[in-house]
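Just so we're clear, the structure is a prediction, and the values are computed from it rather than from any experiment.
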Amino acid sequence: MEIEFDGEVIEWRGPAPFFYAVVPPDAADVIHELAPMLTYGWGVIPARVTIGSVTWTTSLFPKDGGYLVPLRAVERRRAGVELGDRPHVTLTFGDA
């Protein structure tokens, strides 16, 4: 199954900065319905992420009733995504 959306890139500052694309509420509702079939625990959901021609595997993090897509530095740079951008994101779940 695939879900597509434009998600704002935000930063969380911890010991090192982490960047995430915020899944909008309508897409998060769909993911929430699928979550029991997809999660491997703690509400974390494995997914394949595509931004432009860049694809990688990660896990979505639940946050405040929604989800965040982790954007590792190497993939962000390859996709040309910066803080505050709203890239078009495709999430693929399961074997699709």
Side-chain angles (χ1 to χ4, degrees):
M1 168 173 214
E2 287 188 354
I3 295 176
E4 296 184 37
F5 59 89
D6 295 334
E8 180 183 4
V9 176
I10 62 167
E11 180 181 21
W12 176 80
R13 285 213 169 261
F18 291 94
F19 293 84
Y20 299 91
V22 178
V23 177
D26 57 336
D29 289 345
V30 173
I31 295 168
H32 184 72
E33 289 178 21
L34 298 171
M37 297 175 285
L38 300 173
T39 187
Y40 55 81
W42 307 287
V44 177
I45 299 173
R48 194 166 58 246
V49 180
T50 302
I51 297 176
S53 63
V54 180
T55 299
W56 71 95
T57 302
T58 191
S59 295
L60 309 184
F61 295 165
K63 176 78 168 127
D64 299 329
Y67 294 93
L68 299 175
V69 180
L71 304 175
R72 292 188 298 245
V74 67
E75 283 87 2
R76 269 191 316 104
R77 289 185 192 114
R78 287 178 50 216
V81 174
E82 299 292 335
L83 181 64
D85 288 352
R86 294 186 59 83
H88 188 75
V89 178
T90 302
L91 300 177
T92 306
F93 302 100
D95 296 332

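Although no hydrogens or angles enter the test, the distance criterion places no donor-acceptor pair under 3.5 Å between the side chain of D29 and the main chain of D26.
Using a 4.5 Å cut-off between side-chain heavy atoms of Ile, Leu, Val, Met, Phe, Trp and Tyr, with links allowed through other members, V74 and V69 fall into different hydrophobic clusters.
Residue R48 holds its CZ atom at 7.5 Å from OG1 of T55, rounded to the nearest 0.5 Å. For the atom pair CG (L83) and CD (E8), the distance works out to 8.0 Å, reported to the nearest 0.5 Å.
Nearest heavy atom pair, residue V44 against residue P46, reads O-CD, 3.9 Å. Across all their heavy atoms, Y67 and A35 have their closest contact at OH-CB, 3.8 Å. Between G7 and A21, the closest heavy-atom pair is O-CB, 4.3 Å.
The closest side-chain heavy-atom distance from I3 to T90 is not below 4.5 Å. Residues F18 and L68 form no side-chain contact, since every pair of their non-hydrogen atoms from C-beta on lies 4.5 Å or further apart. Side-chain contact check for L60 versus Y20: every heavy-atom pair is 4.5 Å or farther apart. Contact check for E4 versus V89: no side-chain heavy atoms found under the 4.5 Å cut-off. Side-chain contact between L91 and I31 is present, with at least one heavy-atom pair separated by less than 4.5 Å. Counting heavy atoms from C-beta outward, T57 and V49 have side chains that stay 4.5 Å or more apart. Residues F93 and I45 meet the side-chain proximity criterion, which asks for heavy atoms closer than 4.5 Å.
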CA sep, side-chain torsions, deciding dist, call: L71, W56, side-chain contact (heavy atoms from CB on, under 4.5 Å): CA-CA 10 Å; L71 304 175; W56 71 95; 3.7 Å; yes

side-chain contact (heavy atoms from CB on, under 4.5 Å) between M1 and L34, worked out: CA-CA 10 Å; M1 168 173 214; L34 298 171; 3.0 Å; yes

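With sequence neighbours left out, F5 forms a ring pair (Phe, Tyr, Trp, His ring centres under 6.0 Å) with no residue at all.
For residues 55-72, the salt bridge (Lys or Arg N to Asp or Glu O under 4.0 Å) pairs, not counting sequence neighbours, are R72-E75.
Cation-pi geometry between R76 and F19 is satisfied (NZ or CZ under 6.0 Å from the ring centre, within 45° of the ring normal).
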